[in-house]
Amino acid sequence: MSSSKFNVKYCVLLPLVLILTVFLMLVPTTFFGIEGLTVLQQRTIALFVFAALMWIFEIIPSWTTSVAVIVLSLLLLSNKGLGFLMVDAAGQKLEGTMTYTKLMSAFADPVVMLFLGGFALAIMAQKYGLDVTLARFLLKPFGTNPKMVLLGFLSVIAIFSMFMSNTATAAMMLAFLAPVLATFPDGDKGKIALALSIPIAANIGGIGTTIGTPPNGTAVSNLETIGLSISFGEWAIHMIPFVVIMILVAWVVLQFMFPFSTKKLVVNIPENTKPTTWRTYLVWITFAATILLWATESLTHISSNIVALVPLAIFVCTGTFDKEDIKQIDWSVLWLVAGGFALGYAMLDISKGGTGLGAALVNAIPFGEMSIVLVFAVAGLVCYILSNFISNSATAALLIPILLYVSQGLAENPAFAGFGGTKAMVCFVAICASLAMLMPISTPPNAIAFSTGLIKTKDMLKVGAVIGVVGLILGFFWLTKIFPFAA
């Protein structure tokens, strides 16, 4: 970070954010125009504003903002917080005080455990060469026709991104693709298409499963707080066809914008040179069994969140996953998601351990009278625009808890059910977060592809815009009319 940026962030932006946050906490509750707003609900609004501004300006890393949000919630909203702030002028306990264990449980939310298990599977796949073996096997059928090789890379990257970190997938596939890109003659635009296939497929592929990208998990977890569940298998059945369509769209768009002049393209992925041991077979079997259990949740009735911990237990008990592997877990993602969950908990009704802010907003704003399509459009565009500038995980963590209650307000309109209801709105926003890929800073896979030097920002912008618009429109109709989730 340059000294000028450092000075602006810490000497200008940070004080402004803190002043605004304190202001919102101290003004009379009547300032917000919400009838019956309590002091704790007011503090929750202030924490939302604090989180939003800190995430947007990235004054500190996104995951550290999430940790700060949880700590501030514990101090300002919980029954074990700052005692003098938890009582009114008469010394009575404030209405809506949260239990501190409820807030702390954000660190171990079932969806956090789902991602933890997913990270363990991905780390083991890389450690024992499962990723390289699968890449060789999956790319082989696409031959040497450049157009088919492009489709092959889009497909394989998308599949990997459903189960591995999008960033790790992009880095791995770039390593395979780099030697091929170096052989392209000058002037062949096809190399731009291949380079762009990495972030596009990684971002789109993550939509396919609940562990593919954090916004998916955020959506599922928040829906569970109001009694609406989506299993791993149900999500995959609905979203993988959407991913397939979007990958085909991306394939056509990339060929049209960056046509190949090369007639033959040979991709040589080196064989897995890691020694095959009993642990290798253990990883293969565990990986396959985990996916099978996720896909058959409706039959086994074992929660996908519990299933995710099974491979972790097997790997650690057999010594396959050791203390060095623990360091590779992306704890920053887990903590970032946890901060979003804590904000979501605070929105819950008082009877469910929250401050009741969500219900207060629903009662104060006539959502039932609003245009359903307009609310979908605004929510999707806000999420899409924000996700191009800040972490899509942070965007989802900020918007989804709010939209959960917006959708409950819309439920007063009988037509809302015809648009897929609450599940459709929340899941649509999760999709919008993943489709944001306009610039190198939008996602880590974008930055990785941009590092090749083959892609100009304008190339990424125009491809990202076309795929984003198509994805937003298709995503809306997919979840509301074509293939909505069961109510």
Side-chain angles (χ1 to χ4, degrees), residues 111 158 161-162 203-250 297-298 304 344 367 370-387 392-393 395-397 399-437 467-487:
V111 173
S161 292
M162 292 180 192
N203 294 325
I204 293 174
I207 296 172
T209 65
T210 52
I211 65 169
T213 186
N216 300 355
T218 301
V220 170
S221 178
N222 277 275
L223 285 169
E224 286 179 349
T225 63
I226 60 169
L228 297 175
S229 62
I230 299 177
S231 68
F232 182 96
E234 186 182 5
W235 181 284
I237 288 171
H238 282 75
M239 294 304 194
I240 289 178
F242 174 81
V243 169
V244 171
I245 295 171
M246 287 304 302
I247 288 296
L248 292 175
V249 169
E297 182 178 341
S298 60
S304 56
F367 292 116
M370 295 181 179
S371 165
I372 295 170
V373 174
L374 181 61
V375 174
F376 265 93
V378 171
L381 285 173
V382 168
C383 182
Y384 178 76
I385 292 169
L386 274 179
S387 293
N392 60 8
S393 305
T395 303
L399 294 180
I400 287 177
I402 298 173
L403 289 171
L404 195 69
Y405 289 93
V406 171
S407 65
Q408 287 184 278
L410 286 173
E412 298 174 9
N413 187 333
F416 186 50
F419 284 88
T422 302
K423 284 186 178 180
M425 176 166 284
V426 172
C427 294
F428 173 64
V429 170
I431 286 179
C432 294
S434 294
L435 290 171
M437 52 183 110
I467 294 175
V469 169
V470 173
L472 292 179
I473 295 173
L474 176 62
F476 171 75
F477 284 103
W478 187 263
L479 290 170
T480 61
K481 300 298 181 182
I482 301 173
F483 198 10
F485 285 99

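Keep in mind that this is a model prediction, so the values were computed, not measured.
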Atom of [X], atom of [Y] and distance for their closest heavy-atom approach:
X	Y	result
Trp235	Ile207	NE1-O, 2.8 Å
Ser407	Thr422	OG-CG2, 3.0 Å
Phe376	Phe428	O-CE2, 3.4 Å
Ala396	Pro401	O-CD, 3.8 Å
Asn392	Ala433	CB-O, 3.5 Å
Met425	Leu403	SD-O, 4.2 Å

| request: Begin from the C-alpha positions of Trp478 and Met246 and carry the test side-chain contact (heavy atoms from CB on, under 4.5 Å) through to its verdict. | output: CA-CA 12 Å; Trp478 187 263; Met246 287 304 302; over 6 Å; no
Could you tell me whether the side chain of [Y] reaches within less than 4.5 Å of the side chain of [X], counting heavy atoms only?
X	Y	answer
Ser393	Pro215	yes
Thr218	Val111	no
Phe476	Phe419	yes
Phe416	Met370	no

Enter the distance from [X]:[atom1] to [Y]:[atom2] here, rounded to the nearest 0.5 Å.
X	Y	atom1	atom2	value
Leu404	Leu228	CG	CG	8.0 Å
Tyr405	Ile400	OH	CD1	13.5 Å
Ile372	Asn413	CD1	CG	4.0 Å
Ile211	Thr213	CD1	OG1	11.0 Å
Ser298	Glu234	OG	CD	9.0 Å
Tyr384	Leu472	OH	CG	6.5 Å

Side chain [X], main chain [Y], donor-acceptor under 3.5 Å:
X	Y	result
Asn216	Gly206	yes
Ser221	Gly217	no
Asn222	Gly344	no
Thr395	Cys383	no
Lys423	Leu223	no

| request: Applying side-chain contact (heavy atoms from CB on, under 4.5 Å), run through Val220 and Phe232 and close with a yes or a no. | output: CA-CA 9 Å; Val220 170; Phe232 182 96; over 6 Å; no
| Step-by-step side-chain contact (heavy atoms from CB on, under 4.5 Å) determination, Ile431 to Leu479 | CA-CA 10 Å; Ile431 286 179; Leu479 290 170; 3.6 Å; yes
| request: Show your reasoning for whether side-chain contact (heavy atoms from CB on, under 4.5 Å) applies to Glu224 and Ile230. | output: CA-CA 8 Å; Glu224 286 179 349; Ile230 299 177; over 6 Å; no
| message | More than 12 heavy atoms of other residues, nucleotides or ligands under 6.0 Å from CZ of Phe477: yes or no? | response |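 Atom CZ in Phe477 is not packed in, count stays at 12 or less.
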